[in-house]
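A short worksheet on the structure shown next.
Model, not experiment: these values are computed from the prediction. Just so you know, ligand 1 is whichever comes first in the structure, and atom 1 is the first atom listed for that ligand.
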Amino acid sequence: MANRLLLIDHQSEDAKALQQSFSKQQWHVQLATSLEQAYDILRKDSYEPHVIIADLGLPDNAILKHLDELQTLAEYAEWIFLHQDATTTQQEHLHDFAFDLINYPLDLARLNIITKRALRTSLLSRIAGNYSGKEQSKYQPASFFGTSEAAQQLRQLIEQLSSVPISALTITGETGTGKGLVARILHHCGQRKNGPLVELNCAALPKDLLESQLFGHEAGSFTGATKKLKGLFEQADGGTLFLDEIGDMDIELQAKLLKAIEDQKVRRLGSEKEVDIDVQIFAATSVDLEQAINEQVFREDLYHRISVFTIALPSLSQRKDDLVELVPRIIAEFNEKANKKVSEISDSSWEKLLAYHWPGNVRELRNVLERCVLLSTDEQLPDQWLQLNHEVHEHSTTTAVSEHQLVIPIDGTIALEQVEKLMLEKALELEEGNVTAAAKRLQISRETMRYRMKKFDLSSG
Ligand SMILES: Nc1ncnc2c1ncn2[C@@H]1O[C@H](COP(=O)(O)OP(=O)(O)OP(=O)(O)O)[C@@H](O)[C@H]1O
Ligand SMILES: [Mg+2]
């Protein structure tokens with residue numbers, strides 16, 4: 001479909017010339033010579049333009065007076081304003097949402113370039129808009145599977161929490177128990193679902209980098225800060241900031257974080273100015289924060305601030321009943337992804353699945369089932385690929401030589417490509433999703449690791 005452009009201009013001569021010029025460049029152009037007409041096009045015809053070029057010189061400042069309404073009618077449009085002599089105050093006001101402001105006399109070449117750029121931005125925000133719609137349906141309370149009492153209560157709690165405003169909340173649980181999943185469900189079902197969800201893994205970055213990521217910085221505020229950076233607090237404005245592995249955050253930085261949460265303000269590094277922020281904070285941790293407080297690596301005041309609401313996720317071994325729902329659902333997901341048709345699980349496989357104690361929780365379960373589905377040749381879940389070694393896992397992992405190994409049959413059942421994927425998965429599993437460490441294990445660079453993970457659609461956690 002052609003790209004749609006709406007021109008709002010009452011000087012019919014100029015407007016006609018613009019209309020012709022853009023039509024020649026494959027734009028579908030609608031022309032409104034008054035505000036009423038613009039409303040009609042946007043409302044009655046649901047025109048949904050990608051770009052709107054509007055002359056500010058309409059009688060009675062009409063455009064400026066009705067900006068808000070116009071904006072809601074054209075959700076994904078980028079605005080370019082043409083003006084003769086807009087005052088500085090008007091310009092400042094417009095800069096908040098205009099893609100650009102262009103002075104008369106018009107430089108047509110420049111207008112063309114800017115219109116093309118505006119189109120790209122509009123297309124992107126449409127994709128992002130659709131994407132976030134999909135995300136919302138993917139993350140419902142029901143996306144947290146499980147029939148156990150614990151899982152049912154959890155879904156209820158998630159539903160309750162979605163209907164109240166939350167300023168901070170903590171999710172605890174062992175690795176792979178679904179902390180990230182619960183955070184996403186809460187965001188997408190909660191009061192801020194239309195705002196951004198910004199995630200940061202506090203364990204993944206050194207202190208200084210974490211600080212500048214969180215608070216942002218001005219250009220030149222420290223060596224290496226060549227450009228200014230908007231911090232994640234600011235990026236999450238109106239939405240949620242999800243701080244994963246908060247227990248690993250440096251204690252000095254914890255003080256700054258607490259202050260930002262309490263004052264609802266942040267200051268970029270190297271800047272004097274404070275910026276107001278309105279974010280809800282979700283924190284996740286797999287370490288026991290109370291113990292961390294005793295060991296003086298976690299601030300008690302921050303703990304009290306973020307744990308007003310706490311969701312504690314049980315480990316999979318405490319709710320093995322849930323396997324009955326989890327296993328078929330996960331198998332169905334991988335069947336679809338890999339175009340397989342696994343639909344039978346032997347009694348002996350079930351026994352093994354139920355007997356195993358799942359130290360890596362649901363993530364480990366997913367990995368095991370993915371491997372089995374990928375290597376399946378018919379409807380049967382291949383029992384030999386479960387490889388749930390109780391001896392190894394139930395005792396100390398340090399002596400577990402075979403945990404670091406992968407058994408690969410060269411009997412025609414497995415392709416070379418799959419071996420690569422299995423190795424990547426195993427390395428990531430052993431390093432608990434730490435990409436750098438996993439890359440080291442495989443003797444490849446971090447970039448190569450990232451590239452290959454992308455290729456196989458693997459995530460680090
Ligand atoms: N109850 C559940 N129902 C469906 N999927 C689940 C459930 N719990 C976890 N998962 C899935 O298991 C995987 C691991 O979960 P997640 O990443 O949320 O764990 P986590 O607690 O954040 O782990 P980590 O501490 O290692 O970051 C994800 O793919 C998630 O969607
Ligand atoms: Mg996680």
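- The stretch residues 281-300 participates, sequence neighbours left out, in no ring-ring contact (aromatic ring centres under 6.0 Å, His included) pair at all.
- Each of K259, K265, R267 was checked for a salt bridge (charged side-chain N to carboxylate O under 4.0 Å, His left out) with D263, and the lone residue meeting it is K259.
- The heavy-atom pair separating S148 from D322 by the smallest distance is N-OD1, 2.6 Å.
- Interface of E245 with ligand 1, defined as ligand atoms under 4.0 Å from a residue heavy atom, comprises 25 (O).
- Using 4.0 Å as the threshold, G176 has a heavy atom nearer than that to some atom of ligand 1.
- Among the atoms of K179, some N or O lies under 3.5 angstrom from an N or O of ligand 1.
- Checking only distances, D244 never comes within under 3.5 Å of ligand 1, N or O to N or O.
- Classification of the Y47-H28 ring pair by plane angle, with boundaries at 30° and 60°, yields tilted.
- If you number the atoms of ligand 1 from 1 as listed, the ones under 4.0 Å from a heavy atom of L326 come out as 3 (N).
- Residue contact check: G180 has heavy atoms under 4.0 Å from atoms 18 (O), 20 (P), 22 (O) of ligand 1.
- Considering backbone and side-chain atoms together, F144 places no N or O closer than 3.5 Å to any N or O of ligand 1.
- At a heavy-atom cutoff of 4.0 Å, ligand 1 is contacted by the backbone of S143 but not by its side chain.
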side-chain hydrogen bond (donor to acceptor under 3.5 Å, both in side chains) between S348 and D383, intermediate numbers included: CA-CA 8 Å; S348 115; D383 190 69; 3.3 Å; yes
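- Pairs passing the ring-ring contact (aromatic ring centres under 6.0 Å, His included) check and including a residue from residues 233-267, sequence neighbours excluded, read F215-F233.
- Near R366, with a cut-off below 4.0 Å to any heavy atom, the atoms of ligand 1 are 11 (C), 12 (O), 13 (C), 29 (O).
- Heavy atoms only, all atoms of each residue included: W358 and V368 are closest at CZ3-CG2, 4.0 Å.
- Neither the backbone nor the side chain of V182 has a heavy atom within less than 4.0 Å of ligand 1.
- Between D457 and K337 there is no salt bridge, since no side-chain N of the basic residue sits under 4.0 Å from a carboxylate O of the acidic one.
- Of the polar atoms of V362, none of the N or O atoms is found under 3.5 Å from an N or O of ligand 1, judged by distance alone.
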